[in-house]
Amino acid sequence: MKSYLRQIIRQSLTQFDLSEDDIPEIQIEKPNQPEHGDSASNIALNLAGVLKDNPRNIAEQIVENLNYDERKVAAVEIAGPGFINFRYAENYLFDELQAVLDQEQDFGKTTSLDGQRILLEFVSANPTGPLTVGHGRNAVLGDTVARLLEWTGAEVDREYYFNNAGRQMRKLGQSVRTRYLQELGQEAELPEDGYEGEYIRDIAQALVEEHGDKLVDEEGITVFKEKAESMIFEDIQATLQRMNIKMDSFFNEQEVYDDGSIEKAVEAFREKDLAYDKDGATWFRTTNFGKDKDTVLIKSTGEPTYRLPDIAYHANKLDRGYDQCIDVFGADHIDTYPDVLSGIQALGYDPDKVDVVVYQFVTIVKEGKPFKMSTRKANFITLDELMDEVGSDITRFFFLMRSPNTHLEFDIAEAQAEGEKNPVFYLQYAHARIHSILRKVEDEYSFENDPNLGLLSHESESKLIKTMIRFPEMIQSAAESREPHRLINYLEDLASDFTSFYHDCRILGEDEGLVQARTALAKAVAQVLANGLGILGISAPEQM
RNA sequence: GCGCCCGUAGCUCAACUGGAUAGAGCAACGGCCUUCUAAGCCGUAGGUUACAGGUUCGACUCCUGUCGGGCGUACCA
């Protein structure tokens, strides 16, 4: 509908003798007040400056020349300072309802990103320990944005980037070795800043089972590190799977060292005078890109900082032919992002092809108190523990229900509450309730002809249909803004409109024609709820 | 100090990216189950959108400043 209205307005605007550049974007919005119609455009207000005329006059001229299909639009009014308000025709609602019924599990899909290949990088936790709730927000956000983009036509690959070579991993290996020796009754102490988590002992135990005491004299840490890495990755993948997340690829940072792209990048920077040596280190002129300070690319020890492989990695992604690369990361990494953009730009890539989703931190609230966490110190709550407490559906929902850009308070008590306090159940309950009705209808009736949707004339019915058919637009906007919480807000509206309908209009026991029409409506709503919950990665039970 | 993000009902958060009278949930108060799931519905109350200016037809949204909170600000990742 939005695009239809845009199109007829654009048609009408040809009367004004405006150049393309003078025409502002034609915005179509859903007014807050129902008496302002079903859709409204502020185009006349936006044109007032360009045309040097008062907005109401402009609106009148636009409406005068507006050719619209009466099967779609019932009325056009000018209101307030110059808004153009549209009322939908009843037939339009019925046509759209029919479309929902026809398209079923595909209703809501759009083609705006058809043919686009997108690489979405997320989670990307190094294999030093189990995933924590912080990674959880990352994982769920990334996966859901991927699903949204898929619904708008894109082909999305999910990639996990990791580093198994750095200082952290050495500490991990040393920590495992210590625990291994302790398991065998030997004196050993954790290194400074070693990992204290219980899972380190599990890894050590596995090594004892596998090798007995044969590793006691092992001076190097490679065996310990490798065992740790493989066990931790197994664990991470199991956790992700529990949340309905499946990565398409894992990219080891080591690759960009091995294939020489790191050296190549540095050389390219040097050629463009964007890199120089100072104090034994190699620096990147980030000041050329508007930063206060230059940044070290290679330390005086000869080891690159993480920025350099990061840049090479992004170049690698674009080399693989993706139209767009999206990274999901926490607010604590925000500073490196501009450097990566500068880096790939310097290498001749289009920085517009790289986009980020930044999310703020998660605070777990347990028994009314915030819970502070650190992976190394092991006083964290793992994602698995969180799911043990509240399950995967609620975990996903809570991570998604707020805008990524605000701090998230995850109240375990609220999440555990059955029903009343818990918003997840509200959506699932509406879905289950519809299926309960559908089961009863199936038992009691058998319809021979198509439903007469024209019988749906109750106010609650129209409202419900109007909300329902906004679904594709919602997906579109949630995907474009990479903000899944919009979809959640929408689904709550839809569920709420359905329950109002449920209370106002009975289905069973009415005239057979009405039973059939309302059943069709209910079925369509269930379909949209199921589609929406599916995008969120949350189950839509038919019975509760 | 500097940079990024945030400040909206008692609490947790929305507000379609500048639109018309700022909305939900929880908490509080009142009402609704002999008919499709009361995990629900209806109603009442709750606001100077942190504060002060500015931009314009119009500001929670943009700009400047102040206050408060978070995260960065390493030759750590």
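Just so it is clear, the structure is predicted and the values come from calculations on it, not from any experiment. Residue numbering restarts at 1 for every chain, and letters A, B, ... go by the order of the sequence lines.
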Measure from the side-chain heavy atoms of [X] and tell me the nearest of [options].
X: A:S300; options: B:C75, B:C57, B:U37; result: B:C75
X: A:A79; options: B:A14, B:G72, B:A20; result: B:A20
X: A:L45; options: B:C71, B:G19, B:C5; result: B:G19
X: A:D332; options: B:G72, B:C41, B:C76; result: B:G72
X: A:R402; options: B:G19, B:C13, B:C41; result: B:C13
X: A:Y426; options: B:G40, B:C71, B:A77; result: B:G40
X: A:A40; options: B:A38, B:A20, B:C5; result: B:A20
X: A:H36; options: B:C75, B:A20, B:C36; result: B:A20
X: A:N32; options: B:A77, B:A20, B:G19; result: B:A20
X: A:R433; options: B:C42, B:U37, B:A77; result: B:U37

If you measure from the ring centre of A:Y429 to the centre of the six-membered ring in the base of B:G40, is it under 5.5 Å, with the planes under 30° apart?
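A:Y429 ring does not meet the centre or angle cut-off for B:G40; no stack.
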Give a yes/no on whether any side-chain N or O of [X] is located under 4.0 angstrom from OP1 or OP2 of [N].
X: A:H503; N: B:C36; answer: no
X: A:S436; N: B:U37; answer: yes
X: A:K440; N: B:U37; answer: yes
X: A:T295; N: B:A74; answer: no

For [N], give its Watson-Crick or G-U wobble partner with both distances under 3.5 Å, or none.
N: B:G72; result: B:C2
N: B:G65; result: B:C51
N: B:U17; result: none

Residues A:T336 and A:H333: side-chain donor-acceptor under 3.5 angstrom
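The answer is no; no qualifying pair exists.
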Side chain of A:H435, backbone of A:A432: donor and acceptor closer than 3.5 Å?
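No, the answer is negative, given that no donor and acceptor are paired below the 3.5 Å cut-off.
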Ignoring hydrogens and geometry, is there a side-chain-to-backbone donor-acceptor pair from A:H431 to A:L427 under 3.5 Å?
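Side chain of A:H431 to backbone of A:L427, a donor-acceptor pair under 3.5 Å: no, none is there.
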Would you kindly check if the NZ (Lys) or CZ (Arg) of A:R433 is within the cone defined by 45 degrees around the ring axis of A:Y502 and under 6.0 Å from the six-membered ring centre?
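Because its charged atom sits under 6.0 Å from the ring centre and within 45° of the axis, A:R433 does stack over A:Y502.
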Need the glycosidic conformation of B:C33: syn if within 90° of 0, anti if not. Which one?
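In terms of base orientation relative to the sugar, B:C33 is syn.
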With syn defined as a glycosidic angle within 90° of 0 and anti as the rest, where does B:U17 land?
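Syn conformation here, the glycosidic angle of B:U17 being no more than 90° from 0.
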Using a 4.0 Å heavy-atom cut-off across all strands, classify A:H333 as base, sugar-phosphate, or nothing.
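Answer is base: heavy atoms of A:H333 come under 4.0 Å of a base.
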Mind checking A:D493 for me? I need base, sugar-phosphate or nothing, with any heavy atom below 4.0 Å counting as a touch.
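Counting heavy atoms under 4.0 Å across all strands, no contact is made by A:D493.
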Spacing of A:L148 atom CG and A:M474 atom CE [to the nearest 0.5 Å]
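Taking CG in A:L148 and CE in A:M474, the distance rounds to 10.0 Å.
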Mapping A:R439 and A:Q168 onto RNA chain B by nearest heavy atom, which one lands closer to the 5' end?
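Result of the comparison: A:R439.
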